[in-house]
Structure formats: structure tokens, C-alpha cells
> 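Have a look at the structure that comes next, please.
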Amino acid sequence: MGLEGLLPELEIIRKDFPILERTVAGGKRLVYLDSANTSQKPQVVIDTMVDHLENHNANIARAMHALGAESTEAFEGARDRVAAFLNAPSRDEVIFTKNASEALNLVASTLAFRGPLQLGEGDEILITEMEHHSNIVPWQMLAQRTGATLRWIGLTDDGRLDLSNLGELLNERTKVVAFTWVSNMLGTINPVSDLAARAKEVGALVVVDASQAAPQLPVDVVASGADFVVFTGHKVVGPTGIGVLWGHREVLDALPPFLGGGEMIATVTMAESTYAPIPHKFEAGTPPIVEAVGLGAAVDYLSAVGMDAIHRHEQTITRYALEGLASVPGTTVLGPLDAESRGGAISFEMQGVHPHDIAQVLDTQGIAVRAGHHCAKPAHARFGVQSSTRMSSYLYTRPDEIDALVEALNYTRAYFKVG
Amino acid sequence: MSAELDSLYQEIILDHYKKPLHAGLRDPFEAEVHHVNPTCGDEVTLRVHLEGDKVADVSYHSEGCSISQASTSVMADLVIGKTVDEAMAIHADFLALMQGKGTVEPDEDVLEDGIAFAGVAKFPARVKCALLSWMAWKDATAKVLADNTLEKA
């Protein structure tokens, strides 16, 4: 299939992902279209993690032996790799968490703690209506803890941020602006640096959820203009159990610690403690070591393929999928309809068939999609739908997998006798 | 593949899905509950009206997949007109069927159209769809019974 913009080495890339070889549903080839939920893992990530466990396993930063040194080097090497992946000015600004949710909770929680950045009554937190629950609930909790007010940017009918009243929403009371780079439900790519610049004009901290952006487009934390950027390992062909918080050094320095424990201290007496400098200040306890090492291999893999090329591939597949979905009668795509303004997750509705039932039929054809509210209930409510079906592609997705999806959707319509 | 699907989507289920029985919210009622399935977003608002020890009416508004919609229809049709004890016994049978992982042989005399859900028990992800409204009914009925006990006390 010769679509302009696909990764030229697509067939080689697919061979890097062993799971794509397996069959499901009684011998059918797996068509994995749920990568926005979690991505599949290339052999190099699997091998790197196995090698670490087989040959280098030890706790980090405290074991005074050869394995301890190797493990520490591998873990801190992963931090270097992630820093490079994000174009972070300093490796110390890269904090390992267990996932993106924990990274967002770290920021939202510590902004409630006593300190120079603590929020209070009269302050405002601005989010958007297209956020994943993980970028809504922590801010609601921050508002409850501090008496600050939560406000949000609404959405236009075509699934973009409605910035018409941004001048009023953003004001001298706004202390935090948190938004997603790419929507996990609508697919919309938001104008990150423009929004960040507007937020900085009123002196607000800018928190960007890059969970869907980091897998599929170049993320440059400096160019983004954000104070914090978070993403999760398992969506960037890395393992679960590891996430990343990048933050500006001066902001991270000004925040009090999140969790207390080993590794995050300078000294401890029974009465009080002093804290380690960043990044360790925010990494209490033994971290997910092998997961971090796996993530390092994952971002190296993506960088070797090239994030620009991956982005082009995603947009090519997305364009092809939007055309394919438009050919299925009674099917409506939520969010922008042009591939240029969106990422590789496409949520849609099919008249007369519930998303659960669609996903069930697709599953019997070997096609994996997600059905439900995709942890974005407010965004669904905005469009008057309770749930949707979502297909999401990645660097290993082939056009013939989209063909299989379209065929299976037509079969679904026939099975449920709609249209 | 179609056989696997057909074991889940029995004709009876699709019929109830397309033409649900007892749908809509009605008066009178003594208790109303709202249950959601947090993972998928399916929801049901359900009212129970008891007359003495009889289930006089079950009315509902629900949104969800074919399995949850059909199950609500079948449940309402089964319990309306029964005594609360009889209905609770049917509830227990349906629960046992759903939690049996496909090993429980359903009794058609008790479950009537509910036996069509035997296939659902083999799809663990869908069991909660089938049980949503049954749990809502039990919850609402328990509320009415608790209120009645309070009034008598």
C-alpha cells in the first residue's frame, strides 16, 4: 500500500514488535488499534529490561558494589535519555513517577502544601473540557484543599478549545493553567506554545499533559513554554509503571516535596529533615528501576525512527482512517475532521449500535479498539454522547489494518441489522 | 466467529434491546436509584413500586449496550407481579448464572427469557453489563423495605 507519508521502513518496524505476529480470535491476525490506551513494545525494550534483571539488578544509589553501580548507571542513563527526548535543559529536571497521573498529582498536591507557590482562596485554576480525568480530578482536589476556584475552557462544536473568552478566563487570579497537548478522545492537537504564552502573561504556572503527544510528535519542553510537562512510559513503547514529570528547575526547587522517605533526603534527625536537590527530592523510596531503564530504551527507539517521521506516519494513517470511517454509513467522528489538526486517536459513534457491542464484534475479528468514555466523561458529555468507540494507531499501524477495521464496522452494522 | 458472537447476542437479547419492556419512568414509586458502570459509563435510573409484598412496578430509564439494555427489560418483566421473596430468588438465580463462568445450567422455568444470558457468562467483560440493572433493582427494593421497617417501628 503506497500511501505518501508512511514510515518507509514500516515492515521492518513491525518486525520489531513481536506481539504483532500473534493471532487472536481463533487464528485471526491481531489488528491492534488501541495504542492510545497502551502501545505495544519493541524487542529492544523487552531485551533491555530482561538484560537488566538478568545481569545488572541491584538497588540504586545506595548499594556499594558493582551491581549497584551498574544499576545506578542504567537508571540515571535513562534519565539522560528522557531529558534528550524532551530537549530538557537539565537532566535534573526530569523526575520519574509511576505514571502521568502521579506526575500530575505531584504538581497538584504540592501546590496545596505550605510554600511560596501555595494556592489559596481567591486563586483560580484553569483547565479545559477535553481533559483526561487525570488532568481534572487532581485539580478539583487542589481546589477543595486550598479554597481556590476551578474554571475551564469550553470546546467548539468541532472539538477544539473555545478560546473566545480566554481573556476573561485568564486573569490575575489565575495561578495554574493545565491542559492536554493532544486530546485522548477528540484527537485535537492544541496550540501549546500560544496558550502557554498567554498563561505566562498573567503569571500562571503552565502544566501540559503530553501523554498522547509524546508518543506521536516531537515534544520540546523549552519550545512549549510550559513549566511542567508530563507523560507516561507505556504509551511511548515503554513499560507500565513509569511516568515522567519534567519541570523548570526554579519551579521544582520552589515546590515542597511530594512523598517523604528514603532517597529524597539530605539528612534526617528525629525532629526534622532536609531534602535532596532535584530530581531526588521528588523520588522517595526505591524507584521503578527496570521500568525506567526500559523507558530509556523506548525513547531511544522512537528517536532513532524519528519523531517527525512518526508524526507524519500517524497523520497519514489518521487521514486514511478518517476517509475509511466516513465511508461507513451512520458513523460520526467526534473531533476535528482534518488529519493535520489531530493525533492518531479517533473516537466515533455508529448509529444504532452501542460502542460496547461494536468493540465486541471487532474483537471476534481480531481487531482491538477501546469502547467507553476513555476517561474523558466531561468531553463526552459536551457532545451529548455517553460513550464512543475509539481506534488509535501508532508507528506500526498499516493501512490494511484500517481496511480491516472498516470492513468489520460494515459487518457490525449488518450483524445488528442497522441501516 | 459468528457462532461465538451468536452465543452472546441471542435473538432474544437483540429483541429485548430493540423493543425493551416496561421502559420509561413511572409513578407511583417508593424508591429511585441511579447506578452506573464506572468503567464503561452505562447507567440506569430505576424506580420500584411495591404493593404489600408484591412488586407492583419497576420502571427505568437506561443508557448502555445491548446486553445491559436487554437485561434491564428481561429483569423488569420477570420481577413485576412477583412477591418480593420470589423476585429475590430469581435475582439470586440470575446472579449465580452470570457468575458461573458458563458452567451453570439455567432453569428456564425460573429465568424465562433470562436464560438467553447464559452465553454472556462466558464473556467476563460483559457480565457487569448484564448485572447493572439487577443490582439497581435489588438496591431500590432494599431501600423500600428499609423505609417500610422504619415506618412500622
Side-chain angles (χ1 to χ4, degrees), chain A residues 23-31 34 37 133 137 185 334 347 349-390 404 407-408 411-419, chain B residues 1-20 23 34-46 60-74 98 102 116-133 136:
Chain A
T23 57
V24 287
K28 291 207 162 52
R29 184 177 60 109
L30 170 69
V31 174
D34 199 18
N37 202 350
H133 295 165
V137 182
M185 175 214 165
L334 298 158
S347 300
E349 288 186 284
M350 184 189 278
Q351 210 176 352
V353 192
H354 191 274
H356 251 177
D357 296 319
I358 296 173
Q360 190 84 57
V361 177
L362 296 187
D363 188 46
T364 62
Q365 313 261 26
I367 303 172
V369 296
R370 183 164 173 185
H373 50 60
H374 321 312
C375 297
K377 280 189 85 143
H380 277 84
R382 162 63 180 80
F383 293 97
V385 297
Q386 182 220 22
S387 62
S388 61
T389 309
R390 182 183 72 183
E407 192 188 327
Y411 173 78
T412 306
R413 280 173 49 81
Y415 188 84
F416 284 98
K417 301 185 180 73
V418 292
Chain B
M1 170 220 61
S2 195
E4 189 196 351
L5 270 188
D6 291 346
S7 78
L8 176 66
Y9 296 116
Q10 302 275 323
E11 278 300 325
I12 298 173
I13 292 182
L14 295 179
D15 286 349
H16 277 276
Y17 176 45
K18 298 225 155 130
K19 295 192 195 84
H34 182 73
H35 278 214
V36 298
N37 183 340
T39 54
C40 67
D42 283 5
E43 29 192 312
V44 60
T45 303
L46 184 138
Y60 61 88
H61 174 74
S62 64
E63 261 188 88
C65 63
S66 59
I67 303 295
S68 77
Q69 300 292 89
S71 179
T72 309
S73 169
V74 167
M98 285 298 100
F117 291 84
V120 178
K122 284 178 246 164
F123 293 81
R126 305 306 293 275
V127 167
K128 60 189 190 298
C129 310
L131 285 177
L132 180 68
S133 62

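Note: hydrogens, waters and symmetry copies are ignored here, and every other heavy atom, side chains too, is used. The sequence lines fix the lettering, A, B, ..., with proteins before strands; numbering per chain opens at 1.
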> So which atom in A:T364 and which in A:A25 form the shortest heavy-atom distance, rounded to 0.1 Å?
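Nearest pair, atom of A:T364 first, then A:A25: O-CB, 3.4 Å.
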> Name all residues meeting the side-chain contact (heavy atoms from CB on, under 4.5 Å) criterion together with A:K417; count only those two or more places apart in sequence or in a different chain, and write none if there are none.
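side-chain contact (heavy atoms from CB on, under 4.5 Å) list for A:K417, sorted by chain: B:E11, B:K18.
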> Which one wins on heavy-atom pair count under 4.5 Å against chain A: B:S68, B:A125, B:G64?
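The candidate making the most pairs under 4.5 Å is B:G64.
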> For A:D363, which residues count as a side chain to side chain donor-acceptor pair (under 3.5 Å) partner, sequence neighbours excluded?
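None.
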> Pick one of side chain, backbone, both or neither for B:Q69, based on which atoms fall under 4.5 Å of a heavy atom in chain A.
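Answer is neither: B:Q69 stays 4.5 Å or more from chain A.
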> Using the salt bridge (charged side-chain N to carboxylate O under 4.0 Å, His left out) criterion, which residues pair with A:D357? Sequence neighbours excluded.
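In terms of salt bridge (charged side-chain N to carboxylate O under 4.0 Å, His left out), with neighbours along the sequence ignored, A:D357 is linked to B:R126.
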> Can you give me the closest heavy-atom contact between B:N37 and B:L132, atom names plus distance?
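B:N37 and B:L132 have their closest heavy atoms at N-CD1, 4.0 Å.
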> With a 4.5 Å heavy-atom cut-off (strictly below), which parts of residues 366-385 of chain A touch chain B? List them by number.
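Counting heavy atoms that sit under 4.5 Å from chain B, the residues of residues 366-385 of chain A involved are A:G372, A:H373, A:K377.
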> Quick one: does any side-chain atom of B:S71 pair with a main-chain N or O of B:A130 as donor and acceptor, under 3.5 Å?
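The answer is yes, because a donor-acceptor pair under 3.5 Å joins these two groups.
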> Where do A:V31 and A:A404 come nearest, in terms of heavy atoms and distance?
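Heavy atoms only, the tightest pair is CG2-CB, 4.4 Å.
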> Which bit of B:F123 comes within less than 4.5 Å of chain A, counting heavy atoms only: side chain, backbone, both or neither?
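Side chain only.
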